2 protein chains.
Amino acid sequence: MNLKELSNILNLSQTTVSRALNGYPEVGEKTRIRVIEAARKYNYHPSYSAKRLAMGKSHAVAHVVPQSPKHSMINPHFSDFIAGAGETYAKFGFEMLISVVPYDEQEKCYRELARSKRVDGVIVHGPYKEDPRIELLKSLELPFVVHGRTEEGCKDFSWLDVNNRSSFKRATNFLLDLGHERIALLNGIEEMDFAYRRRLGYEAAITGRGLPIDPTLIFSSDMIEPYGYDVTKRLLKMKDAPTAIVTSSVLTALGVVRAVQECGLQIGRDLSVVTFDDELSFLQYPGVPLFTSVRSSIMDAGRRLAEILLEQIDNPDKGLVQELWETDLVVGQSTGPRRI
Amino acid sequence: MNLKELSNILNLSQTTVSRALNGYPEVGEKTRIRVIEAARKYNYHPSYSAKRLAMGKSHAVAHVVPQSPKHSMINPHFSDFIAGAGETYAKFGFEMLISVVPYDEQEKCYRELARSKRVDGVIVHGPYKEDPRIELLKSLELPFVVHGRTEEGCKDFSWLDVNNRSSFKRATNFLLDLGHERIALLNGIEEMDFAYRRRLGYEAAITGRGLPIDPTLIFSSDMIEPYGYDVTKRLLKMKDAPTAIVTSSVLTALGVVRAVQECGLQIGRDLSVVTFDDELSFLQYPGVPLFTSVRSSIMDAGRRLAEILLEQIDNPDKGLVQELWETDLVVGQSTGPRRI
DNA sequence: TCCGCAAGCCAAAGCCCTTTGAAAATTTGC
DNA sequence: GCAAATTTTCAAAGGGCTTTGGCTTGCGGA
């Protein structure tokens with residue numbers, strides 16, 4: 001059942017039927033109802049490919065994720081984000097395309113997406129402090145929004161970011177208030193803007209108390225469990241071991257816990273941990289949270305960013321959207337006063 | 001630059017140009033070369049939407065993932081799978097569509113995908129022991145492959161599965177060989193076929209030694225960290241506590257470790273753990289593995305399943321593909337002989 | 001009574017490619 | 001040198017929708 005057949009049945013032109021179904025005003029109300037009912041009755045659905053061809057719009061959004069052996073973008077954080085974004089896309093009838101490409105073929109991929117008009121927009125993940133993708137996308141005139149920001153020049157594109165700096169400042173201050181002075185930072189990869197800002201927040205808190213910044217307490221890596229474990233093991237062996245740790249992900253924090261416990265120590269008593277909590281769905285604890293954390297749902301971010309992108313696509317001239325989300329500090333069992 | 005323009009430039013018909021570019025035999029070799037070079041020169045790329053409309057093929061594959069608040073399909077296992085599958089799709093120029101839909105709208109979504117021909121095939125994730133999606137897809141005549149199997153009747157569709165039964169039998173036997181007799185099973189949701197088979201394997205091993213099956217040692221839930229933690233806490237409080245645990249995922253196993261350590265016990269000494277290891281990318285340990293495990297890469301499964309599906313799409317009459325992958329047993333630090 | 005203006009509807013062009021069926025050009029066979 | 005068999009090329013018909021520009025109505029105002 002296609003438009004032609006349906007319009008024949010109705011004794012109307014294709015134009016009118018199309019207009020009636022798409023809510024254009026220049027069609028009589030009785031006609032519209034008649035058309036809509038016939039469409040339902042004969043189970044008519046417009047063909048997507050034809051629609052796309054005719055309109056030059058694809059009703060689809062892409063997420064380009066670089067895949068490199070050493071540092072996979074497809075991780076639990078990503079999947080939670082996708083779950084949120086996907087929900088929004090589904091709600092508005094958009095398709096979500098995931099392009100897994102080798103790290104150095106990203107540019108090619110974006111160019112191809114733009115040229116072929118296969119998608120109406122893209123979401124950029126994990127921006128670096130300086131990220132060439134931004135300029136590329138601007139030049140390609142492909143609508144985009146960024147999850148995160150770049151170090152500078154983020155005035156002229158839409159983004160949604162968590163206030164990483166204030167979050168980590170707050171987390172660190174919380175530990176300082178508990179009397180901790182030697183506080184380690186297990187940060188993400190610091191070429192990435194979010195990690196860079198987190199470090200700034202951490203350092204601001206430390207120096208804010210007149211304490212020195214000890215580079216041997218600062219680490220930077222992919223935020224995975226073994227990272228937390230390994231570093232903590234090492235830290236605990238130091239002569240002047242830190243009494244607290246701020247970490248960038250619950251995954252890493254779990255590694256910290258394992259290391260601490262394995263050394264016969266107790267988390268929250270012998271070592272305090274504050275983590276950034278993306279509220280990953282597969283790590284949700286009922287009851288009192290395990291970790292004291294600054295938290296912000298990455299799934300919500302996915303939902304919202306998708307919304308922003310769709311608005312942007314729908315109405316390109318509407319101006320930029322830039323949202324900075326503050327986090328909540330939630331006190332769990334992983335922190336306690338410094339023991340002398 | 002479209003086909004019409006290009007053919008005008010070349011003084012050829014659209015037919016010939018199209019054929020030349022698509023490798024049809026009925027075009028002269030000199031002409032073909034001339035066409036190909038012109039295409040490159042003028043940066044001609046055929047429009048995807050037009051191609052789709054004309055051919056009724058979309059060169060895309062969908063993954064329909066149900067999203068319910070209680071049990072998210074989008075989890076780290078899924079994201080690793082996707083990373084693998086996405087790699088294959090990219091290699092063959094296919095698009096990957098992820099449709100996040102409410103649990104009870106899956107059928108509608110599949111019907112819509114089939115009707116609209118928006119994709120050439122789908123991959124079915126996490127089949128239940130009896131799964132209505134299979135019959136649905138058969139009736140819709142949408143090519144599909146299944147990651148996993150159903151309890152019965154899996155003779156007439158393509159699938160790739162890990163030998164869950166033998167894996168868990170082996171894992172359990174390994175523990176039995178170490179002298180453990182009270183072994184708990186922290187299984188996935190047993191309505192799902194993979195978990196059901198795992199339980200069969202576990203039980204086969206136990207009864208194979210003439211030991212009784214204790215239902216109070218068998219658990220079934222989403223395979224997340226808190227699950228492992230909570231259950232282990234409870235188990236360790238039993239009068240007749242188990243001395244070993246078989247668990248369905250490293251995520252859960254990490255929870256087990258945390259609980260054990262928190263009780264001042266040592267993993268591998270006071271409690272042995274064998275886990276099924278999907279080799280999730282963000283949990284890879286260098287060196288001696290933390291967990292003794294039966295392992296099989298879920299990312300490899302993604303790669304292979306995508307291949308199978310693409311072959312199937314390319315050549316629907318080629319017959320079914322059914323692969324049963326055996327796992328490796330890798331001995332790590334989490335197991336040891338039973339202490340008297 | 002006639003005109004002008006909306007409101008409602010339509011035919012046809014356009015989007016860009018594939019593919020069928022046939023014609024034109026070339027080669028082969030005798 | 002001519003008919004037959006190939007090879008090469010083409011015009012045109014889809015595929016199914018949107019959208020432009022224009023053509024009928026019906027009605028209020030003059």
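Letters A, B, ... mirror the listed sequences (proteins, then strands); counts begin at 1. Just so we're clear, the structure is a prediction, and the values are computed from it rather than from any experiment.
Per the geometry, CG belonging to Leu3(A) stands 15 Å off C1' belonging to dG14(C), to the nearest Å. We find that NZ of Lys4(A) is positioned 15 Å from P of dT18(D), with the value rounded to whole Å. As rounded to whole Å, 19 Å separates atom P of dG16(D) from atom NZ of Lys51(B). When the P atom of dC16(C) is taken as reference, atom NE2 of His59(B) falls 20 Å away, rounded to whole Å. One can place CG of Asn11(A) at 9 Å from P of dC10(C), the figure rounded to the nearest angstrom. Whole-Å rounding puts the Arg115(B) CZ to dG16(D) P distance at 12 Å. Distance, Glu26(B) CD to dA22(C) P: 16 Å, rounded to whole Å. Rounded to an integer number of Å, the gap from Gln14(B) CD to dA11(D) P is 9 Å.
The side chain of Ser18(A) places an N or O atom within less than 4.0 Å of a non-bridging phosphate oxygen (OP1 or OP2) of dT18(D). Using a 4.0 Å cut-off, some side-chain N or O of Tyr44(B) falls inside it from OP1 or OP2 of dC17(C). The phosphate of dC10(C) has OP1 or OP2 within less than 4.0 Å of a side-chain N or O from Ser13(A). For the pair Asn22(B) and dT18(C), the criterion of a side-chain N or O lying under 4.0 Å from OP1 or OP2 is met.
Within the nucleic acid shown, Tyr24(B) comes within 4.0 Å of sugar-phosphate atoms alone, with no base atom in reach, counting heavy atoms only. Ser47(A) comes within contact range of the sugar-phosphate backbone alone, with a heavy-atom separation under 4.0 Å but no base atom that close.
Here dC16(C) is the nucleotide among dT18(C), dG16(D), dC16(C) with the atom lying nearest to any side-chain atom of Asn2(B).
Where Thr15(B) and Met55(A) meet DNA chain D, the nucleotide closest to each residue was compared, and Thr15(B) sits on the side nearer the 5' end. Closest-nucleotide positions on DNA chain D for Leu53(B) and Arg19(B) were compared, and the one nearer the 5' end corresponds to Arg19(B).
Two residues are said to be in side-chain contact when any heavy atoms from C-beta on lie closer than 4.5 Å; Arg19(B) and Leu12(B) fail this criterion.
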Start with the C-alpha distance between Asp193(A) and Thr150(A), add both sets of side-chain angles, then the distance that settles side chain to side chain donor-acceptor pair (under 3.5 Å), and finish with yes or no. CA-CA 6 Å; Asp193(A) 182 76; Thr150(A) 52; over 6 Å; no

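Checked by atom type and distance alone, the side chain of Gln322(B) pairs as donor or acceptor with a backbone atom of Lys155(B) at under 3.5 Å. Of the possible donor and acceptor atoms, one in the side chain of Gln106(A) sits under 3.5 Å from a partner among the backbone N and O of Tyr103(A).
The base of dT9(D) does not come close enough to the side chain of Thr31(B) for any donor and acceptor atom to sit less than 3.5 Å apart.
Under 4.0 Å is where a charged nitrogen must lie from a carboxylate oxygen, and between Arg111(A) and Glu107(A) at least one such pair does.
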